[in-house]
Amino acid sequence: MAEKVQETQKERSMILQKEMIAGLFNDLAQVEKTGKKVCYTFIPGNLSELIRTFDMLPVYPEINALQSAMRKKSGGYIREAEKNAHSEDVCTYVKCDVGMMLNGNIGPTGEKIPDPDILLLSYTGCFTFMKWFETLKRSYPNAEVVMLHTPYQEKGEITPEMETYMLKQFREEVIPKMEKVSGMKYDEEKLKKHLALSREAEDWIVKIFETTKHRPSPIDAYFAGVYYIGPINIGFRGTEKAVEYYKELYSEIQERIKKGLGPITPEGEMKEEKYRLVVEGPPNWTSFREFWKIFYDIGAVIVASSYTKVGGVYDLGFRHDPERPLESLGEYCMNCYTNMNIPQRIDLLQKCIEDYSADGYLTNSIKSCNSFSAGQLAMMRELEDRLEIPVGFIESDLVDPRYFSYSNIKNRLESFFQMLEQRTMINKNKEAETV
Ligand code: SF4
């Protein structure tokens, strides 16, 4: 049995984020009075700046699902969806979202999330996104549907034809539908202002995740990292608030570095940094705290993760560009992690392992997420061959509690940590022999 964990310590940045999220759900609860239009969309390839340009409010079904899991409601919602003919193999984010809809679509603040006026699908590599929105379309027949089809980086590059195709879709499909739903004309100057703020936030986020180069790392780039990416992934990219949040977070982290402190965990500071890891794959949300605890109890800190790049890969240099507004929105979608081919993902992970001096590489393979799980074993073997680094593999699920086995995961992780320990001893002996 996992031990009971204590209350999380709160810093100013955490409070700021909490206020932002509460504000968004409050605005959503008020749409009947304010007349604001509601846009359901996904995190990878999210067009936050464009949605804001049309004064719409975003809803992210994935966020609804993960919040339901953290509130221990996802198991019931998934069973409800399965009773309604959604197979066991379907992505559990989808089933959790469907179950939540069948139960009145009540959000984390206890108020109903309004129905969508528009379903905006920026399709970035995951086929499930399309099926998910087909399901939503059946539930919300009055919603307008628009699909931005993002070409996959099959050959690991973005060609001029791909750029032109994206631009054409923005001009001929996406913007006209958003004008129709919002009743507003497209205002490019307004979009540019949002994009300038996005670029600023993206610079900060890269700086924040680069702080894990320090020893000890002042942050955990996976378990805490999923909170850090919150504001840019749930509709605040392109706002002053997001920039303020990231500035504040960065200054808090700088304080930690000055004091030589490790990451904050739900039980306070991590005292000793024993192992530095790179993790591939999303976390488990139903037992998030217990899962994290296995790592911090042993002194394992995650110095980089692919999952924190799911809403945008900024460390390879991409930034939203107010001088090329629609072009850069298209490039953003094409550069999403789920839209990158397997060799690109391997190169990115190799860069993470090298840049952040990781001691080991761990895959958390998610049962229901084909988009992440396909190719994960081959990626792991390739990294093991290239870098001769200890690798580990565990399996869980995003929001289905039936697929999180605490004892199995703990056993596997303990074997992985033993392997890391042995490698550390061998390296120390080699160093001693050289001296
Ligand atoms: S399969 Fe994975 S990427 Fe696709 S919707 Fe489900 S969780 Fe998201």
Side-chain angles (χ1 to χ4, degrees), residues 40-47 58-70 74-75 77-78 81-82 86-101 116 119-137 139 145 147-150 152-153 222 225-226 229-230 232-234 279-288 291 305-313 332-342 344-345 348 363-377 379 394-404:
Y40 282 25
T41 195
F42 292 117
I43 292 170
N46 73 78
L47 301 171
V59 170
Y60 297 91
E62 302 116 302
I63 298 288
N64 293 343
L66 78 86
Q67 283 179 334
S68 298
M70 291 182 108
S74 56
Y77 289 159
I78 289 167
E82 285 173 355
H86 289 268
S87 131
E88 230 187 87
D89 295 327
V90 170
C91 165
T92 50
Y93 265 180
V94 181
K95 284 189 288 186
C96 183
D97 188 41
V98 168
M100 184 171 149
M101 272 191 314
L119 298 167
L120 169 60
L121 168 60
S122 330
Y123 174 81
T124 50
C126 175
F127 189 68
T128 304
F129 286 145
M130 241 160 41
K131 294 283 139 197
W132 195 341
F133 264 23
E134 279 174 15
T135 305
L136 289 185
K137 175 65 191 160
S139 304
V145 180
M147 174 161 163
L148 173 70
H149 171 237
T150 304
Y152 188 63
Q153 287 206 49
Y222 185 54
V226 296
I229 55 169
I232 51 162
N233 281 357
I234 58 159
V279 174
E280 149 69 17
N284 163 271
W285 298 110
T286 50
S287 302
F288 186 80
F291 188 33
S305 67
S306 54
Y307 188 64
T308 46
K309 304 177 199 310
V310 73
V313 179
Y332 159 71
C333 293
M334 289 189 281
N335 276 311
C336 275
Y337 188 74
T338 45
N339 202 54
M340 289 164 76
N341 71 16
I342 303 289
Q344 285 177 299
R345 295 186 199 191
L348 178 61
T363 302
N364 182 28
S365 185
I366 292 293
K367 180 204 164 273
S368 60
C369 177
N370 295 333
S371 185
F372 260 91
S373 304
Q376 269 179 336
L377 264 178
M379 285 159 66
I394 51 172
E395 290 167 287
S396 65
D397 190 60
L398 292 158
V399 293
D400 191 338
R402 294 171 298 187
Y403 295 100
F404 183 86

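In each ligand, atom 1 is the first atom listed, and ligand 1 is the first ligand listed. Just so you know, these numbers come straight off a predicted model, no measurement behind them.
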Mark the output for Phe129 as yes if a heavy-atom distance to ligand 1 is under 4.0 Å, and as no if none is.
yes
State whether a side-chain donor-acceptor pair under 3.5 Å links Glu280 with Ser306.
yes
Please could you name the atoms of ligand 1 that Leu398 approaches to less than 4.0 Å, counting only its heavy atoms?
7 (S)
As a test of understanding, state which of Met340, Lys309, Gln153 forms a side chain to side chain contact (heavy atoms under 4.5 Å, CB included) with Asn335.
Gln153
Locate the shortest heavy-atom distance separating Tyr403 from Glu88; write the atom from each residue and the value.
OH-OE1, 2.9 Å
Atom of Pro61, atom of Phe42 and distance for their closest heavy-atom approach:
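Looks like CG-CE2, 4.1 Å.
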If you have a sec, work out which protein heavy atom is nearest atom 4 (Fe) of ligand 1 and how many Å separate them, to one decimal?
Cys126 SG, 2.2 Å
Considering only protein heavy atoms, which is closest to atom 6 (Fe) of ligand 1, and at what distance to one decimal place?
Cys91 SG, 2.4 Å
Under 2.8 Å from atom 6 (Fe) of ligand 1, is there any N, O or S atom belonging to Cys369?
no
Got Tyr307 and Val279 here, is their nearest side-chain heavy-atom distance under 4.5 Å?
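When only atoms from C-beta onward are counted, Val279 and Tyr307 do not touch, as no gap falls below 4.5 Å.
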